[in-house]
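The sequence lines fix the lettering, A, B, ..., with proteins before strands; numbering per chain opens at 1.
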Number of protein chains: 2
Amino acid sequence: MNDTKKLGRPRTFDEAEALMAAMNAFWTKGYAATSMKDLTAAMKISGPSIYAAFGDKRELYLKTIDRYADVDGCAPIVAFEGAASIEDAVRGFLTSVVSHSTQQEGAPRGCFLASCVATTVGEVEGVAERMEKAIRETDTRLAARFDKEKSLGNLPKDFPSQDRARLLHDMRQGHVHRSRAGWTAERLLDDLEDRVRMVLMI
Amino acid sequence: MNDTKKLGRPRTFDEAEALMAAMNAFWTKGYAATSMKDLTAAMKISGPSIYAAFGDKRELYLKTIDRYADVDGCAPIVAFEGAASIEDAVRGFLTSVVSHSTQQEGAPRGCFLASCVATTVGEVEGVAERMEKAIRETDTRLAARFDKEKSLGNLPKDFPSQDRARLLHDMRQGHVHRSRAGWTAERLLDDLEDRVRMVLMI
DNA sequence: TGACTTATCTATCAATCGATACATAAATAA
DNA sequence: TTATTTATGTATCGATTGATAGATAAGTCA
């Protein structure tokens, strides 16, 4: 029952591609400083097409946030959850943070969500809930693995999973902050091993 | 030789007060979203007076950054440097960060410099150098006290001062991020003692 | 085919943007 | 007093803002 053929003239652009282009524009200049002219240039779609496909500027912005939270923003956590040992997990998380905030091709430095928190929470309706959710989910997923490793005996019984999850999260915020301010990946990786030991108390 | 009487009509506003009002406006809405209309309303000065006293919008912005870096931004470090013991210093630093990012009267949540890094580095000329300097100075001042305490025998000889200085700095970034995203001071102080132990390895 | 639906582009809207010209006000200097 | 200097307020500049109207293009459906 899945109709592949839709009524009316078909789109000439890829929706996902256009969304990523819009996200990069917002990420680079910030929400307010990104004009519709910037967006049409980045997305390679004319103004009215943007409004027809994504709604107004604010709605487009919220859609880029949702997309980022589902794709790029998740990469470090996926690395964390997929690693074999808990030590590799922490190391992989931080390494992924560094590479994503400094070497991501085509994307600006730092973290899109961090930019959103800094400038549009409380100013653009709909952002605050999304940011709170992003923080909560990251803390929860990190803590979940710590708890699992505790039950497996790979971490001490009194290991404070919640605290260390938040700590790891905050290390990320520090890294994306430094990255955005111009720090190279090399410098960011300088104290990587010290941080891994900190988080795991080893 | 200090002439208190200046030529011409005297100013009817306090320069420092006006700068703080401008800073709060930029901090709340971000650089781009803050219009001259917003600024005249916040500073209670007409447009031409702003231009005469502070230059254009960008110059005014840079002056608010310099002011913040000298005043508010410094508070946690002053607390850190002034505490009696190194443990109280770390505790005082983090406590000051929380109170300044959540309870500062009249000021928006979070950290002004964090907002600047997120949105105007690379976009507004003159911001990048200031942000790099702010990070460097914080790292240096934190590490300096760790080094001093090492020489006094209050910290182990192999204590990694630089790493822990950066760690403490990044804990701050995490806190101002969460604060801006809506976290209360109470929640932020939840894992305070765990973090003090982390930084000092005790 | 012709009716219908959706997408695209050009042109353009009123509103707001950052910034300034100009006249006036309030001080000092001679 | 008059000349000079600096600050203030009104009114307004051209440019840009986010958003839309209307005509046209390209597909499906009967």
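- None of B/V90, B/V176, B/V97, B/L94 except one satisfies the side-chain contact (heavy atoms from CB on, under 4.5 Å) rule with B/M171; the exception is B/L94.
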Nucleotide N/O to protein N/O under 3.5 Å, stretch nucleotides 4-6 of chain C:
unit_1	atom_1	unit_2	atom_2	d
C/dT6	O2	A/R9	N	3.2

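- Contacts of residues 19-29 of chain A with DNA chain D (heavy atom under 4.0 Å): none.
- Within the cation-pi definition used here (under 6.0 Å to the ring centroid, within 45° of the axis), B/R164 qualifies as a partner of B/F159.
- By the 30° and 60° cut-offs, the orientation of the rings of A/Y61 relative to A/Y31 is tilted.
- Note: CG (A/L60) to P (D/dA19) measures 10 Å, nearest angstrom.
- Regarding A/I50, its CD1 atom lies at a distance of 14 Å from the C1' atom of D/dT17, rounded to whole Å.
- Annotation: cation-pi pair B/R172/B/F93 absent, no NZ/CZ under 6.0 Å from the ring centroid and within 45° of its normal.
- The closest donor-acceptor contact from the side chain of B/S179 to the backbone of B/S101 lies under 3.5 Å.
- B/D139 pairs by the salt bridge (charged side-chain N to carboxylate O under 4.0 Å, His left out) definition with A/R178, not counting sequence neighbours.
- Considering every non-hydrogen atom in both B/D88 and B/R91, the closest pair reads OD1-NH1, 2.9 Å.
- Ring planes of A/Y68 and A/F112: perpendicular class, angle over 60° (limits at 30 and 60°).
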What string of B, S and - do you get for nucleotides 9-21 of chain C, 5' to 3', if B is base contact, S is sugar-phosphate-only contact and - is no contact with any protein heavy atom under 4.0 Å? BB------SSBBB

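- Rounded to whole Å, atom C1' of D/dA19 lies 13 Å from atom CD of A/E59.
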Only pairs under 3.5 Å count here: list side-chain donor-acceptor contacts from residues 18-30 of chain B, not counting sequence neighbours, and write none if there are none.
unit_1	atom_1	unit_2	atom_2	d
B/W27	NE1	B/R109	O	3.2
B/T28	OG1	B/N24	O	2.7
B/K29	NZ	B/D38	OD2	3.3

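- Considering only residues two or more places apart in sequence or on other chains, A/F13 meets the ring-ring contact (aromatic ring centres under 6.0 Å, His included) condition with none of them.
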